[in-house]
**Q** 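Dumping the structure here so I can ask a few things about it.
Sequence positions, counted from 1, serve as the residue numbers for this chain. Atoms considered below: every heavy atom in the structure, side chains included; atoms not considered: hydrogens, waters and symmetry mates.
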Amino acid sequence: MKKTIITVVGKDTVGIIAKVCTYLADNQINILDISQTIVADYFNMMMIVDRSNALKSFGDMSDDLKAVGEEIGVMIKCQREEIFDMMHRV
């Protein structure tokens with residue numbers, strides 16, 4: 001399994017989850033887990049996805065999601081699971 005961590009942060013607006021999830025579904029990327037909160041009108045979402053059947057490379061997916069974020073006014077970042085784990089070791 002090729003897991004990726006996706007984070008989405010920005011001012012809360014209608015359709016953020018829909019836009020991100022539509023992109024993932026259109027590119028055969030499966031959502032394994034999702035957590036979302038809104039604090040003082042700021043939206044924060046973290047997703048763990050499986051890219052095993054992805055139609056695009058990690059780099060292309062990351063660039064595409066960054067562009068989706070710019071389009072809807074949020075910041076979207078992607079990180080491979082193994083790098084995320086190494087950075088967050090206790």
Side-chain angles (χ1 to χ4, degrees):
M1 195 176 306
K2 295 179 184 177
K3 290 184 183 176
T4 298
I5 312 303
I6 299 173
T7 56
V8 182
V9 178
K11 202 78 162 146
D12 187 35
T13 59
V14 173
I16 297 171
I17 296 172
K19 278 279 198 185
V20 174
C21 291
T22 297
Y23 174 86
L24 297 174
D26 288 347
N27 287 280
Q28 299 300 309
I29 300 167
N30 187 39
I31 299 168
L32 301 173
D33 200 357
I34 184 171
S35 173
Q36 170 252 311
T37 58
I38 299 169
V39 177
D41 292 328
Y42 285 93
F43 178 87
N44 186 357
M45 179 169 66
M46 180 174 153
M47 306 172 91
I48 301 172
V49 300
D50 176 14
R51 297 187 49 260
S52 296
N53 298 318
L55 301 178
K56 295 186 177 185
S57 69
F58 175 86
D60 287 344
M61 177 199 73
S62 184
D63 291 345
D64 288 351
L65 282 171
K66 181 179 179 183
V68 168
E70 289 170 356
E71 179 185 313
I72 58 176
V74 297
M75 184 170 44
I76 302 177
K77 296 197 177 202
C78 301
Q79 196 167 33
R80 289 184 174 94
E81 179 190 38
E82 58 271 15
I83 295 172
F84 183 86
D85 288 344
M86 293 301 276
M87 289 178 59
H88 295 90
R89 271 194 157 153
V90 175

**Q** Testing L24, T7, I29, I5 for side chain to side chain contact (heavy atoms under 4.5 Å, CB included) with M47, which one passes?
**A**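 Single pass found, and it is L24.
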
**Q** Check the pair I76 / V74 against side-chain contact (heavy atoms from CB on, under 4.5 Å), numbers first and verdict last.
**A** CA-CA 6 Å; I76 302 177; V74 297; 4.0 Å; yes

**Q** Tell me if the NZ atom of K11 is crowded by more than 12 foreign heavy atoms within 6.0 Å.
**A**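 Atom NZ in K11 is packed in, count exceeds 12.
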
**Q** How close do I72 and T13 get, heavy atom to heavy atom, and via which atoms?
**A**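 I72 and T13 have their closest heavy atoms at O-OG1, 4.2 Å.
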
**Q** Would you please test V9 and Y42 for side-chain contact (heavy atoms from CB on, under 4.5 Å) and show each step?
**A** CA-CA 7 Å; V9 178; Y42 285 93; 5.9 Å; no

**Q** Show the atom names and distances, to 0.1 Å, of all donor-acceptor pairs under 3.5 Å that link a side chain in residues 30-39 to residues at least two apart or in another chain.
**A**
none

**Q** Between V8 and I17, is there a shared hydrophobic cluster once you connect ILVMFWY residues whose side-chain heavy atoms come closer than 4.5 Å?
**A**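 Hydrophobic grouping puts V8 with I17.
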
**Q** So is R80 actually on top of F58's ring, under 6.0 Å and inside 45° of the axis?
**A**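 Verdict for F58: a cation-pi partner in R80.
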
**Q** Of the non-hydrogen atoms in C78 and I6, which two are nearest, and what is the gap between them?
**A**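 The answer is SG-CG1, 4.0 Å.
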
**Q** Would D50 and K3 pass as an ion pair if we require N to O under 4.0 Å?
**A**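 Between K3 and D50 there is no salt bridge, as every charged N stays at least 4.0 Å from the carboxylate O atoms.
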
**Q** Counting N and O atoms only, with roles assigned by atom type, does the side chain of D60 sit under 3.5 Å from a partner on the main chain of K56, one being a donor and the other an acceptor?
**A**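 Here the side-chain-to-backbone pair does not exist.
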
**Q** Answer with yes or no whether the hydrophobic clustering places I48 together with M1; edges join I, L, V, M, F, W, Y residues whose side-chain heavy atoms lie under 4.5 Å apart.
**A**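 Per the 4.5 Å side-chain linkage, I48 and M1 are co-clustered.
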
**Q** Answer yes if the side chains of Y23 and D64 hold a donor-acceptor pair under 3.5 Å, and no otherwise.
**A**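 On atom types as modelled, these side chains qualify, holding a pair under 3.5 Å.
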
**Q** Start with the C-alpha gap between E71 and K19, add the side-chain angles, then the distance that decides, and say whether side-chain contact (heavy atoms from CB on, under 4.5 Å) holds.
**A** CA-CA 10 Å; E71 179 185 313; K19 278 279 198 185; 2.8 Å; yes

